[in-house]
A.B. asks: 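This is the structure I have questions about; it appears just below.
Here is how names work: the chains are called A, B, and so on, in the same order as the sequence lines, proteins then strands, and each is numbered from 1. Since the structure is predicted, the reported quantities are computational estimates derived from the model, not experimental observations.
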Amino acid sequence: MSLASSLNTRAARVGVGLSLLLASPSLIAARYIDQKTYDEFLEVTLHNDSFFTISNAWILICTALVFIMHLGFASLEAGLTRRKNTINILYKNVFVITSGLILYALIGYRTMYPGTDFNGFMRLGFGLGANPDDYFDLMTPLYAEYTYWTDFLFQGMFAATAATIISGAVAERIKLGAFMILTIFMVGLAYPIAGSWTWQDGGWLNRQEFHDFAGSSVVHAFGGFAALACVLQLGPRLGKYSKDGIKPIIGHSMPMATMGAFLLWFGWFGFNGGSVLSAHPEMISLVLVNTCLGGAAGGLTCMIATQVIVKKPDLSMILNGMLAGLVSVTAGADYMMPYGAMAVGAVGGVLVVVAVVLLDKFKVDDPVGAVAVHGVCGSWGTIAVGFFGGANLLTQLLGTLSYSIFAFAFAFIVFFLIRITWGVRVAPEEEEEGLDLAEHGQEAYSLEG
Amino acid sequence: MSLASSLNTRAARVGVGLSLLLASPSLIAARYIDQKTYDEFLEVTLHNDSFFTISNAWILICTALVFIMHLGFASLEAGLTRRKNTINILYKNVFVITSGLILYALIGYRTMYPGTDFNGFMRLGFGLGANPDDYFDLMTPLYAEYTYWTDFLFQGMFAATAATIISGAVAERIKLGAFMILTIFMVGLAYPIAGSWTWQDGGWLNRQEFHDFAGSSVVHAFGGFAALACVLQLGPRLGKYSKDGIKPIIGHSMPMATMGAFLLWFGWFGFNGGSVLSAHPEMISLVLVNTCLGGAAGGLTCMIATQVIVKKPDLSMILNGMLAGLVSVTAGADYMMPYGAMAVGAVGGVLVVVAVVLLDKFKVDDPVGAVAVHGVCGSWGTIAVGFFGGANLLTQLLGTLSYSIFAFAFAFIVFFLIRITWGVRVAPEEEEEGLDLAEHGQEAYSLEG
Amino acid sequence: MSLASSLNTRAARVGVGLSLLLASPSLIAARYIDQKTYDEFLEVTLHNDSFFTISNAWILICTALVFIMHLGFASLEAGLTRRKNTINILYKNVFVITSGLILYALIGYRTMYPGTDFNGFMRLGFGLGANPDDYFDLMTPLYAEYTYWTDFLFQGMFAATAATIISGAVAERIKLGAFMILTIFMVGLAYPIAGSWTWQDGGWLNRQEFHDFAGSSVVHAFGGFAALACVLQLGPRLGKYSKDGIKPIIGHSMPMATMGAFLLWFGWFGFNGGSVLSAHPEMISLVLVNTCLGGAAGGLTCMIATQVIVKKPDLSMILNGMLAGLVSVTAGADYMMPYGAMAVGAVGGVLVVVAVVLLDKFKVDDPVGAVAVHGVCGSWGTIAVGFFGGANLLTQLLGTLSYSIFAFAFAFIVFFLIRITWGVRVAPEEEEEGLDLAEHGQEAYSLEG
């Protein structure tokens, strides 16, 4: 434990050292931009363009909603796992959102939106902007219906999501330091590169007219299959699979899990609503109707499927059913009518039950069902735009496969390298004791007093 | 237990079978609407009308806030009841919001807003829209300051609330299946019919100029008196009333209950704010000031009343005091000045204490105080618009009585029919054991590991 | 205990009696304003001015977000303290928000924004408005980009925050009644007077061009140093400091604390975003980017600092690190570039660890770290606008010192007077037993059933 702790310390130091190094020239630049620039800045008054002003405010509100999804993920994950690993899970989630935003500012944003000199596949870029003038050039209605800053913040909240999805799947046995290193690579590098394929003009999938509205593949399948790559190397939790069969490991707080699922749905208003990238009234309305009906249908069909397959009204399953519906409808929420969205969500709600059961059969131990919810239903939702929306089915297949394979391969390699150097799994006695005591020296709940 | 479980399964199957049957023609239609319609759809660019665009975005944000009230209700209810029934309560609340939205899409919305061919009292309608053209016709500024989709989603979130109110009152002893059937009738049928009386042009109370701004009667008194009808048939929880007097049954988590009450207030920003049906600046501002001052006054006077009557600073009571203030001010939040709203909320905060104590005297066992908060204070708030706002007192009385009586009668009959066929109450040994184990075979909290 | 309880009762009676007395003339006036005024009211249709309408809606949404910070504060405080004091903490927080809003309506708002006849230092004012005509005169675009009501509600949510900050520092041993009296003076009197110095045109710090955008000093340092004044008189919790050294008193629920910190960040979108006082697109975007990067940087550097100083990944510390970053960036979020904001937050995240450790050395027992987070980082953030933004360093120093000293002195005197009359600390046996049983006669969690 003292070794792990000292390694964690070192890892953290390296990470932040790197950050400061990258930031320093910009910090100097930032200091430079004082009164004069500030005055110029205020002079550009876009607020005379109402649609721009409304859209910008709308997307910022959506950004706040996507932010609170990180509390949703943390609660869902902590609720569905054991009491003894709670602090560890919360800590991971705090790390993901804080490091995610900083990494996105330093590397991710420019990598994902490299601008015109982009070969369509991959580019590494640093800093929020190459030079101060960019800030103002980019803040015009010609560019989009929102400012450059808004764009960064909304996209930054998305970036952290990919790592959050992995967090759930590897819970209860991953080393804290290993997760932190993985997060830095996934959020800082893999996600921005993959994201640019579809969401940057000129990205190779963008040119194919691959349709993934708010990220069933770009975010969810990406996260889900990266999670799978890690879980396969990490192995199941101790005692999960034995010759006596599969031992159910019950989550320690269903109210917390339920709160997490509701907060995620709440956040999805922003995740999908903001992805319209303006406040276009029909579009945001249609998208949110589709989102909510998809989630509701997923929850309902999952209830039936659970009753049929698992033979009891299992709360944790139907929470995943709602999320499955939401993930499924995310790719085509702008591109189908409400009854189509209902059908897509309904299929997602059944798929997730099947996937959870199958993964368990193949001894893939995913404590929160992240691979099933985000990987399987993310792929389904992307393909479904070819059935229920106007997209080309083959292109949708190509796109979702590209994301799944890339995420899986990238995460597999990075995780493999971490595994052979740092190690990815805590010692059995630490796992037994719980990561809260082993890694953090503290318990999540105290009955004392 | 296995019988209950198999019945639950059957009930769920019937419910969803029915849903799919209703949805199938529309699903085909939905598939039909592809590229051409989609292009037309995008062509209608209402975003040139700023007020329309702002209002539409405002109401969608309010919709998200009303959505999160469902987490608020779930938390309040679970927190104020016993540990052993927690999963059951959460499950019910997930069912309410998922089935509520789907039912509202399939039946409720067209029943509540039947359009021009409406006799003023009751009409049954199916589907989000009769034909695709409706979508576009209805999405014009002539209709309202928001799109057809937005209207559906905002109203759909309200619809589920009625059943949620009942959920709390019948907690800890109702059969899961019985609650599900009741929910389907209340959300799918009773609420939309009653709602159309006031909120659809030409509804009979609408023609009387009955003023119920955001639903003190239409939603809250409706839910509260429906809850009363069920509680009276269901009977009190085991051991609640005995010859030794009234046994207080303490809720298992006051933090959860508090979170629920705060989330409900948070959601009320949307519940009342969105009910302005536009972003009209003075109106939404006045309404939210009145809403918050009403809730604050209710909380404060409830503190005093509790101190005087119950003789201790009882947290669960003042949470209900805040909600009582909010419920009370909901009918006239658009129709009175802030000090009026404060007075209305203040009275509500006292009324709720009196009502809780009286109902307990009459052995009406309502674990969360739903009848007192929503029924009694909803009625008070509606009548108060005749005192503190500009409405006619007699009309207000007529309106709130109509809602209370209709909700009570409708719920009484449906619940009676469920009682004599399916049964409404779990067996005493199941109640003793707790519904989590008896109905779901799982516990909400696990101390293991 | 029965004495404390009866005193509490009496205090509550006096408080509300006073409120009703103040309100009664206005209530009569409110009743007076009926149909005619109401019609006039609706006639003023500012919604033709799009920027006004958008800005007004934006600030109301921000108001809702600031409201939910009160749940954030309650959760953080309850999570970081012991189980036996949970109900007491939640009750205090409910009292703060309910009484805070009412007090702000009756006294605070007019004291803080006294209008033109203001000598620049202090004025006491009553009521939301002197006479009904004010409402309409003040609701014009000439005044601001939002209505009078919106202004009141947004500012009212801020007012309650000051007392909430104190609540955490004095937790686990303060008498409920003492806290309630203190709250009334801080929210009703001290905060509005101090707030007017900077945020009312003509206030003496406003004339000095002191720059405190959203209240690093006006709200946070104010609350933090008021808290310090109370903690010094109240003394540490029993057993905290002994000859055996410092005994760590562990919080009873880290998930609750984490939820609190996330909700606070979520609310900060409104706290800082709304402080732009319009929906000016570049401004709200820049402010929210700075806010989030400040919080993220604070969380990250706090992780390192904690690892270095405390030698373990301490969750409660990094939660405070995020908050420290947010508090720090609040004064200059509108006045620096993103990398500057990152630097300000990063320093805050280190400062908080140092401050927590130092305060503990000096035996200042602050259970939640409120003095460190709000007092120290609030001061740092204000001064930092002189380094990273365009403000004058000396003016910033003057401003933050003025707030710290005034808050400390005012709170010290009021708390001293309460101490020698009413008493501020519960009896040792009550502290041992826990305030939930001693003051409220109930426990926060029940395992029964």
Side-chain angles (χ1 to χ4, degrees), chain B residues 50-51 54 57-58 61 65 82-85 249-255 258-259 262-263 265-266 269-270 273 278-286 288-289 292-293 295-297 299-301 303-304 307-308 311-315 318-319 322 335-340 342-343 388-390 434, chain C residues 5 8-9 12-13 16 19 23 26-27 29-31 33-35 38 41 44 46-47 50 52-54 56-57 60-61 63-64 67-68 70-71 74-75 78 86-87 90-91 94-95 97-99 101-102 105 128 139 146-147 149-150 152-153 176 256 439-442 444-449:
Chain B
S50 291
F51 189 59
I54 305 163
W58 167 255
I61 295 158
L65 294 175
R82 283 166 295 179
R83 196 179 170 87
K84 65 183 177 187
N85 300 313
I249 299 179
I250 305 296
H252 86 285
S253 173
M254 292 313 296
T258 306
M259 181 179 94
F262 271 91
L263 285 179
W265 186 333
F266 182 57
F269 278 85
S278 82
H280 190 292
E282 295 91 341
M283 255 330 195
I284 59 174
S285 301
L286 176 65
L288 291 187
V289 167
C292 290
L293 288 180
L300 272 188
T301 56
M303 262 181 206
I304 326 288
Q307 204 68 304
V308 171
K311 315 265 185 244
K312 65 172 182 173
D314 185 302
L315 177 61
I318 64 161
L319 297 179
M322 294 199 303
Y335 213 24
M336 49 183 67
M337 286 313 226
Y339 290 115
M342 242 187 247
F388 293 89
Chain C
S5 163
N8 285 341
T9 310
R13 274 181 195 158
V16 174
S19 304
S26 310
L27 280 174
R31 186 65 197 87
I33 303 160
D34 52 1
Q35 203 54 47
Y38 188 71
F41 181 76
V44 191
L46 287 171
H47 75 259
S50 292
F52 186 90
T53 307
I54 304 164
N56 188 66
L60 284 174
I61 295 158
T63 304
F67 168 77
I68 208 63
H70 289 277
L71 174 58
S75 302
T86 304
I87 284 187
L90 299 172
Y91 195 94
V94 170
F95 178 75
I97 181 66
T98 53
S99 70
L101 282 177
I102 300 292
L128 264 179
M139 267 190 299
Y146 45 89
T147 70
W149 307 118
T150 297
F152 158 72
L153 199 58
L176 181 59
M256 210 190 299
E439 297 251 30
H440 304 267
Q442 198 190 329
Y445 301 91
S446 163
L447 292 173
E448 180 217 5

A.B. asks: Return the minimal non-hydrogen interatomic distance between B:Ala279 and C:Thr53, and the atom names on each side.
C.D. replies: O-CG2, 3.5 Å
A.B. asks: Shortest non-hydrogen contact from C:Ile102 to B:Ala297?
C.D. replies: CD1-N, 3.7 Å
A.B. asks: So which part of C:Tyr91 gets closer than 4.5 Å to some heavy atom of chain B, the side chain, the backbone, both or neither?
C.D. replies: both
A.B. asks: As an exercise, state the distance from CG of B:Asp314 to CD of C:Gln442, rounded to the nearest 0.5 Å.
C.D. replies: 5.5 Å
A.B. asks: Do B:Trp265 and C:Thr98 have side-chain heavy atoms sitting under 4.5 Å apart?
C.D. replies: yes
A.B. asks: Taking all atoms of both residues into account, what is the closest heavy-atom pair of B:Pro255 and C:Tyr445, and its distance?
C.D. replies: CG-OH, 3.3 Å
A.B. asks: Atom CH2 in C:Trp149, atom SG in B:Cys292: separation rounded to 0.5 Å?
C.D. replies: 13.5 Å
A.B. asks: I'd like to check C:Ile61 versus B:Phe269 (side-chain heavy atoms, cut-off strictly below 4.5 Å). Are they in contact?
C.D. replies: no
A.B. asks: Residues in side chain to side chain contact (heavy atoms under 4.5 Å, CB included) with C:Ile68, at least two apart?
C.D. replies: B:Leu263, B:Phe266, C:Leu71, C:Phe266
A.B. asks: Between chain B and each of C:Val94, C:Thr86, C:Thr63, count heavy-atom pairs under 4.5 Å; write down the option with the most.
C.D. replies: C:Val94
A.B. asks: Checking C:Ala64 against chain B: side chain, backbone, both or neither under 4.5 Å from a heavy atom?
C.D. replies: both
A.B. asks: Side chains of B:Ile284 and C:Leu60, heavy atoms from C-beta outward: is any pair under 4.5 Å?
C.D. replies: yes
A.B. asks: So which heavy atom on B:Gly251 is nearest to which on C:Ser446, and how close?
C.D. replies: O-CB, 3.7 Å
A.B. asks: Can you find a heavy atom in the side chain of C:Phe67 that is under 4.5 Å from one in the side chain of B:Leu288?
C.D. replies: no
A.B. asks: Restricting to side chain to side chain donor-acceptor pair (under 3.5 Å), what partner residues turn up for C:Thr150, sequence neighbours left out?
C.D. replies: B:Ser285, C:Asn56, C:Thr147
A.B. asks: With a 4.5 angstrom heavy-atom cut-off, which part of C:Ser99 approaches chain B: side chain, backbone, both or neither?
C.D. replies: both
A.B. asks: List the atom of C:Ala105, the atom of B:Tyr339, and the distance in Å for their closest heavy-atom pair.
C.D. replies: O-OH, 3.3 Å
